[in-house]
Enquirer: 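First, the structure itself, so that you have it in front of you.
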2 protein chains.
Amino acid sequence: MNSHSDDGLRARKRAATRSTIERAALSLALEHGYDKVTVDAICEASMVSQRTFFNYFGSKEGVILGSAPPMPTDADVDAFVHAAGGDVLGDLVLLMAAAVADHEPDRDLLRSRRVLIQRTPDLMNREIARMTELQNGLVAMVLARLRASGRADSTDLVEEARMVVTLAGSVMRYCMEQFFSGSAAGSPREVLERALALVRRITDGGEHG
Amino acid sequence: MNSHSDDGLRARKRAATRSTIERAALSLALEHGYDKVTVDAICEASMVSQRTFFNYFGSKEGVILGSAPPMPTDADVDAFVHAAGGDVLGDLVLLMAAAVADHEPDRDLLRSRRVLIQRTPDLMNREIARMTELQNGLVAMVLARLRASGRADSTDLVEEARMVVTLAGSVMRYCMEQFFSGSAAGSPREVLERALALVRRITDGGEHG
DNA sequence: CACTTTCGTGCAGTTACTGTAATTTTATTG
DNA sequence: CAATAAAATTACAGTAACTGCACGAAAGTG
């Protein structure tokens, strides 16, 4: 019938309501603060039942934080594992950054999310928690790379992998804070590189103590 | 009247109920899992009203996690700031470890907490969040030390301080995981030292790429 | 023994969230 | 196009964490 881009009516309607709820939630939270806004208020503003809200977003936090960063694709993992020998930490950070980066096409929405996360401790904590969950899935990957680099398998190697992931998480958290607080200068890539350089400088500090 | 250690009857009763509730909560959670246990159940088991429970612990998580790690004392801060020149990261980790360490005299309770935190993602996240909050108060302290080391004040210096704290948080998280999962070998101090050495080894990896 | 302060409690209410079953809306098929 | 399947939306009832408030009981004090 009507000319429409691609999917069926169903999918389009779904996307529309999702977007409506999202916008309502972010707008209300920006105006009144996250904890002052009730789910009921969001539902009223977006003309949906509470049950529908939870069908879409699962939780009040969910609508603000947006979808969780996806695990890297198999191709990404493969590339990472077999880029043996180089800078494990740097490569991992790049990989994680790629996973976190895009993923939200709408710039305004993204900015709203960031503002809210930054000014709401609860949300900040949840965001960090999500990152932590992502990390857990990454240990195996790093371990594979260490093995591929010819490192002998051992308990120590597992610990090393865990630490690599933890450190990468640090760098990510640091960069995210910089982004969220708006004090980031230069391209994301540059920020990452600077953060990595900073890490190396700091950890060198105790070497010759 | 009756011979008693020190404080008034009031304080002793308070400590007793607190302990009763704590034990009931931990025992129930260990047996049935944290999320299967309701606050009502804990109250019934410890013969207190729900209102009293919340007066004591503020939240369901609160009774499991125990009291939050306190900020270091002024004396600690002073010592840290003026131990200039050495290994900032290492010293900070030691300081944070001291804050987190003791603080719970009862060994059994401590072990119960650890087990529960480890097996309950929600609790783990909250614990990490608490650590993160602690971190925020530490940036100023690190900054003071960097300044005391003769470093010129600048935006970069603030960023460096933040990164030092973030890294220290990483090391702490890593060690906490090791402790919680029971795979820690040796004294806490040794575990910390090994973790720090590991960090240095890893961050050296990209230097000569 | 009065008197004050602190504690514990009951109760009503708010908010996030879940399960279920009915109802409406969209897609498919004969 | 009508019958029907599939999926979305809804109302409703219920659970569980948590808060504010006001009242009575216990403990400290002179």
Side-chain angles (χ1 to χ4, degrees), chain A residues 1-22 24-26 28-29 32-65 68 116 120-123 125-126 129, chain B residues 1-22 24-26 28-29 32-65 68 116 120-123 125-126 129:
Chain A
M1 302 251 182
N2 213 325
S3 90
H4 56 261
S5 47
D6 194 348
D7 265 339
L9 176 82
R10 196 164 242 158
R12 267 179 297 146
K13 267 201 166 175
R14 245 189 107 73
T17 33
R18 165 172 281 267
S19 172
T20 302
I21 299 174
E22 226 163 14
L26 285 169
L28 282 174
H32 305 113
Y34 173 75
D35 8 346
K36 299 280 182 186
V37 177
T38 69
V39 173
D40 277 337
I42 299 173
C43 292
E44 193 172 347
S46 40
M47 297 174 299
V48 232
S49 76
Q50 206 195 48
R51 203 60 185 78
T52 297
F53 174 90
F54 282 110
N55 279 342
Y56 272 86
F57 296 100
S59 75
K60 188 184 167 188
E61 291 167 347
V63 73
I64 306 292
L65 296 183
L116 278 169
T120 315
D122 255 15
L123 292 175
N125 287 336
R126 265 314 266 151
Chain B
M1 312 231 178
N2 211 327
S3 91
H4 56 261
S5 45
D6 193 350
D7 265 339
L9 177 74
R10 196 159 247 165
R12 268 178 298 146
K13 268 201 167 177
R14 243 189 109 69
T17 33
R18 166 171 281 267
S19 171
T20 303
I21 298 174
E22 226 164 15
L26 285 169
L28 282 174
H32 303 114
Y34 172 73
D35 8 347
K36 299 281 181 186
V37 177
T38 70
V39 172
D40 277 337
I42 299 173
C43 292
E44 192 172 347
S46 40
M47 295 173 302
V48 230
S49 73
Q50 205 195 49
R51 202 60 188 79
T52 297
F53 174 90
F54 283 110
N55 280 341
Y56 272 86
F57 296 101
S59 73
K60 188 185 167 188
E61 291 169 347
V63 73
I64 305 292
L65 296 181
L116 278 168
T120 316
D122 257 15
L123 292 175
N125 286 336
R126 266 315 269 152

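Computation of the quantities below employed the complete heavy-atom set of this structure, encompassing side-chain atoms and omitting hydrogens, waters and symmetry-equivalent molecules. Throughout, protein chains are lettered first and strands after them, A, B, ... in sequence-line order, and every chain is numbered starting at 1.
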Enquirer: Quick check for you: to the nearest 0.5 Å, what is the distance between B:Met47 atom CE and B:Ile21 atom CD1?
Expert: 10.5 Å
Enquirer: What is the distance, to the nearest angstrom, from the CE atom on B:Met47 to the C1' atom on C:dT9?
Expert: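 Nearest whole value for this atom pair: 15 Å.
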Enquirer: Can you list the residues that meet the side-chain contact (heavy atoms from CB on, under 4.5 Å) rule with B:Ser59, with sequence neighbours excluded?
Expert: B:Glu61
Enquirer: Grab the CD-P distance between A:Gln50 and C:dT14 for me, whole Å please.
Expert: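 In whole Å, C:dT14 P lies 14 Å from A:Gln50 CD.
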Enquirer: Looking at the side chain of B:Tyr56, which of D:dA17, C:dT9, C:dC7 is the nearest nucleotide?
Expert: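 For B:Tyr56, the side-chain atoms sit closest to C:dC7.
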Enquirer: In whole angstroms, how far is the P atom of C:dC7 from the CZ atom of B:Arg12?
Expert: 15 Å
Enquirer: Could you check how far CG of B:Asp40 sits from C1' of D:dC18, rounded to whole Å?
Expert: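 Atom-to-atom, B:Asp40 to D:dC18, this comes out as 11 Å.
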Enquirer: Using modelled atom types only, decide if a donor and an acceptor are shared between the side chain of A:Ser19 and the backbone of A:Ala15 within a distance under 3.5 Å.
Expert: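 Answer holds: no.
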Enquirer: Once you round it to whole Å, what is the distance between C1' of D:dA17 and CD1 of B:Ile42?
Expert: 11 Å
Enquirer: Side chains of B:Arg126 and A:Asn125, heavy atoms from C-beta outward: is any pair under 4.5 Å?
Expert: yes
Enquirer: Heavy-atom nearest nucleotide on DNA chain C for A:Val39 versus A:Arg51: which residue maps closer to 5'?
Expert: A:Val39
Enquirer: What is the distance, rounded to the nearest whole Å, between atom NZ of A:Lys36 and atom C1' of C:dA16?
Expert: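 One finds 17 Å between C1' of C:dA16 and NZ of A:Lys36, rounded.
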Enquirer: Could you tell me the separation between the CD1 atom of B:Ile42 and the CZ atom of B:Phe53, rounded to the nearest 0.5 Å?
Expert: 4.5 Å
Enquirer: Do the non-hydrogen side-chain atoms of A:Leu123 and A:Ile64 ever get within less than 4.5 Å of each other?
Expert: yes
Enquirer: Counting side-chain heavy atoms from C-beta on, which of D:dT10, C:dG8, D:dT9 comes nearest to A:Val48?
Expert: D:dT10
Enquirer: For a quick test of reading the model: is some side-chain N or O of B:Thr52 closer than 4.0 Å to OP1 or OP2 of C:dT9?
Expert: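 Yes, such a contact exists.
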Enquirer: Hey, what do you get for OG1 (A:Thr17) to OH (A:Tyr56), rounding to the nearest 0.5 Å?
Expert: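 Going from the OG1 atom of A:Thr17 to the OH atom of A:Tyr56 covers 3.0 Å.
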Enquirer: Between A:Phe53 (CZ) and D:dA11 (C1'), how many Å, whole number?
Expert: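 Rounded to the whole Å, the gap is 18 Å.
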Enquirer: Pull out every protein N or O sitting under 3.5 Å from an N or O of nucleotides 25-29 of chain C, one pair per line with the distance.
Expert:
| residue | atom | partner | partner atom | Å |
| --- | --- | --- | --- | --- |
| C:dT26 | OP1 | A:Lys13 | NZ | 2.1 |
| C:dT26 | O2 | A:Arg10 | NH2 | 3.3 |
| C:dA27 | OP1 | A:Leu9 | N | 3.0 |
| C:dA27 | OP1 | A:Arg10 | N | 2.9 |

Enquirer: Measure the distance from CG on A:Asp35 to C1' on D:dT19 and round it to the nearest whole Å.
Expert: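 To the nearest whole Å, that distance equals 14 Å.
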Enquirer: OP1, OP2 of C:dG8 versus side-chain N and O of B:Arg14: anything below 4.0 Å?
Expert: yes
